[in-house]
Amino acid sequence: MTNYKILISDPMSEEGIFPLRDTEGITVVFDTDLNPQELAEKITGFDALLVRSKTQVTRELIEKADKLKIIGRAGVGVDNIDLEAATEKGIIVVNAPDGNTNSAAEHTMAMLMSMARKIPQAFTAMRNGEWDRKSYVGVELKGKTLGVVGFGRIGAEVAVRAKGQRMNIIAYDPFLTQEKAEELGISFGTVEEVLKASNFVTVHTPLMKETRHLINEKAFGLMKKGVQIINCARGGIIDEKALYNAIKSGKVAGAALDVFEQEPMVDFRLLDLPEVVATPHLGASTHEAQENVAIDVSLDVVSYFSKGVVRNS
Ligand code: NAD
Ligand code: MLT
């Protein structure tokens, strides 16, 4: 194989990139601290670019890339990549659609349970020297309804786990059918029906034009008083201003957020509310998931350069 140069611009599992390391004719360069301007200068001469979610693969960057043939996203969401600009230049974009499904589903359950039992709030109080057994009374999950908006890989895995907590599940997804829902032992409805029926709502859609602010003021208006919300999918699916107002008004009793409209987060007002628990986009941050997604995109890059084909594009 002729020499191909691969730039990795976000932190990535070294164990997971062994397919690249083990292939003769492939040179890997790790440079994960570049700002957008430095990256645009560096990209010249590279045949492949591997990223997670930090690097913004913009039109400007793609236009500077003279030799780029493939962009690998070590994760699910490709909303940090300008797909239109890549397509116009004939650059293939691949992702790792299922390497972090399990981790993201587990994180969603961890967030749901932490929120329901106010564990982070109680821990913070203990750290501050308080022994307060009155302020952190939670709610049980058993018998409650979990609304799952977006029933793809992660949404479906969350539903299986929530059933283990003896929750009732109602889901909406344009590709979910009545037959499939019956087979899985869950209910199925429109978004409006899901929002009206649920004690907890968790979103698992991609971020796209159609899903930006899917959970907005109107959506909160449909929900039960005391509903609790989880977002471990993408910032922007929930309108953060509307969420803030819905919590302040008492309509929403809890929010568990792993992802934010702007990342890294700059507006911390939501976190001032005692009803909110949060993590800084850690859904896929396990050793297993990071190794899986790095292996998946590395295999795609090797396959593309050696055989001209990829698995996911
Ligand atoms: P997926 O493609 O398997 O599932 C997404 C589902 O959303 C699909 O079934 C699709 O039909 C559905 N959908 C699309 N538009 C919809 C709409 N308007 N209303 C309802 N459903 C709609 O993706 P996935 O692997 O399950 O990932 C789900 C989300 O989680 C993505 O946004 C992904 O980027 C994100 N994610 C986040 C983390 C994290 O670190 N927090 C980790 C992995 C994935
Ligand atoms: C994803 O879309 O896979 C997640 O956001 C995880 C990540 O940032 O890599």
Side-chain angles (χ1 to χ4, degrees), residues 8-13 16 32 50-57 71-81 83 93-112 147-161 170-177 180-181 184 186 188-195 198 201-216 219 230-238 256-261 263-265 278-297 312:
I8 302 184
S9 62
D10 284 333
M12 210 163 286
S13 160
T32 58
L50 299 193
V51 300
R52 280 189 65 196
S53 54
K54 182 172 74 69
T55 298
Q56 296 302 309
V57 189
I71 300 167
R73 163 68 167 100
V76 182
V78 285
D79 43 292
N80 56 323
I81 299 170
L83 295 176
V93 178
V94 291
N95 69 347
D98 44 26
N100 61 25
T101 302
N102 195 53
S103 290
E106 288 182 3
H107 195 74
T108 305
M109 292 308 293
M111 294 295 276
L112 166 60
V148 182
V149 179
F151 203 79
R153 294 178 187 86
I154 298 168
E157 284 294 321
V158 167
V160 169
R161 286 160 175 75
I170 180 166
Y172 168 70
D173 190 296
F175 292 103
L176 181 63
T177 59
K180 183 78 186 158
L184 296 168
I186 65 168
F188 156 79
T190 61
V191 190
E192 290 75 16
E193 285 166 344
V194 168
L195 299 182
S198 302
V201 173
T202 184
V203 293
H204 298 284
T205 69
L207 178 65
M208 335 176 265
K209 204 163 38 60
E210 298 77 16
T211 58
R212 182 174 292 282
H213 290 183
L214 182 68
I215 306 298
N216 54 19
I230 307 109
N231 186 2
C232 289
R234 273 294 175 276
I237 298 170
I238 297 179
L257 307 171
D258 183 48
V259 287
F260 300 89
E261 292 198 27
E263 294 182 12
M265 200 174 185
T279 45
H281 202 146
L282 296 183
S285 289
T286 62
H287 295 294
E288 294 86 348
Q290 286 315 306
E291 195 171 323
N292 291 341
V293 295
I295 292 173
D296 286 349
V297 286
N312 313 295

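Both counts, for ligands and for their atoms, begin at 1 and track the order of listing. The shown structure was predicted, so the numbers you read here are calculated from the model rather than taken from an experiment.
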Please state which part of [X] comes within less than 4.0 Å of ligand 1, counting heavy atoms only: side chain, backbone, both or neither.
X	answer
T205	both
N100	side chain
M208	side chain
A233	both

Item checked: CG-OG1 distance between N80 and T55, expressed to the nearest 0.5 angstrom ->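 One gets 7.5 Å once the value is rounded to the nearest 0.5 Å.
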Notebook entry, point to check: Taking atom SG of C232 and atom CD of E106, what is their separation to the nearest 0.5 Å?
Noted result: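 Output value for this atom pair is 12.0 Å.
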[atom]: which of [options] has the nearest heavy atom?
atom	options	answer
atom 28 (C) of ligand 1	R234, E210, H204	H204
atom 14 (C) of ligand 1	P206, A284, C232	P206
atom 6 (C) of ligand 1	T279, I237, D173, V293	D173

Residue, atom name and distance, where the atom is the protein heavy atom closest to [atom]:
atom	answer
atom 19 (N) of ligand 1	Y172 CE2, 3.3 Å
atom 4 (O) of ligand 1	G152 CA, 3.3 Å
atom 26 (O) of ligand 1	I154 N, 2.9 Å
atom 5 (O) of ligand 2	H281 NE2, 2.6 Å
atom 2 (O) of ligand 1	R153 NH1, 3.8 Å
atom 42 (C) of ligand 1	A104 CB, 3.7 Å
atom 18 (N) of ligand 1	T211 CG2, 3.5 Å
atom 23 (O) of ligand 1	V76 CG1, 4.1 Å

Note to self: When you measure from the heavy atoms of A74 to every atom of ligand 2, does any distance fall below 4.0 Å?
What the structure shows: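 Contact present.
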Checklist line | ligand 2 contact by R73, heavy-atom criterion under 4.0 angstrom | finding: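 Under 4.0 Å: yes for R73.
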Per-atom contacts, ligand 1 versus [X] - under 4.0 Å to a heavy atom:
X	result
G77	34 (O)
H281	39 (C), 40 (O), 41 (N)
F151	9 (O)
F175	11 (O)

In ligand 2, which numbered atoms sit nearer than 4.0 Å to a non-hydrogen atom of [X]?
X	answer
V76	1 (C), 2 (O), 3 (O)
S53	8 (O)
A284	6 (C)
R234	1 (C), 2 (O), 4 (C), 5 (O)
G75	3 (O)

Check: Is R161 salt-bridged to E157, cutoff N-O under 4.0 Å?
Finding: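 Yes.
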Margin query: Among T108, I215, L257, exactly one meets side chain to side chain contact (heavy atoms under 4.5 Å, CB included) together with N231. Which residue is that?
Written below: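 With N231 as partner, T108, I215, L257 yield a single side chain to side chain contact (heavy atoms under 4.5 Å, CB included), made by L257.
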N/O donor-acceptor pair under 3.5 Å between [X] side chain and [Y] backbone:
X	Y	value
Q290	M12	no
T211	P206	yes
D258	G283	yes
K54	T32	yes

Once you restrict to heavy atoms under 4.0 Å, what part of [X] touches ligand 2? Side chain, backbone, both or neither.
X	value
Q290	neither
N100	side chain
A96	neither

Next item on the list: Evaluate the side-chain proximity of V201 to V194: yes if any heavy-atom separation is below 4.5 Å, no if none is.
Entry: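 Contact flag for V194/V201 side chains = no.
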Next item on the list: Give a yes/no verdict on whether any heavy atom in D258 is under 4.0 Å from an atom of ligand 1.
Entry: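 D258 counts as a contact of ligand 1 under the 4.0 Å cut-off.
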Note to self: Between ligand 2 and G77, is the shortest N or O to N or O distance under 3.5 Å?
What the structure shows: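 Between G77 and ligand 2, an N or O pair is found under 3.5 Å apart.
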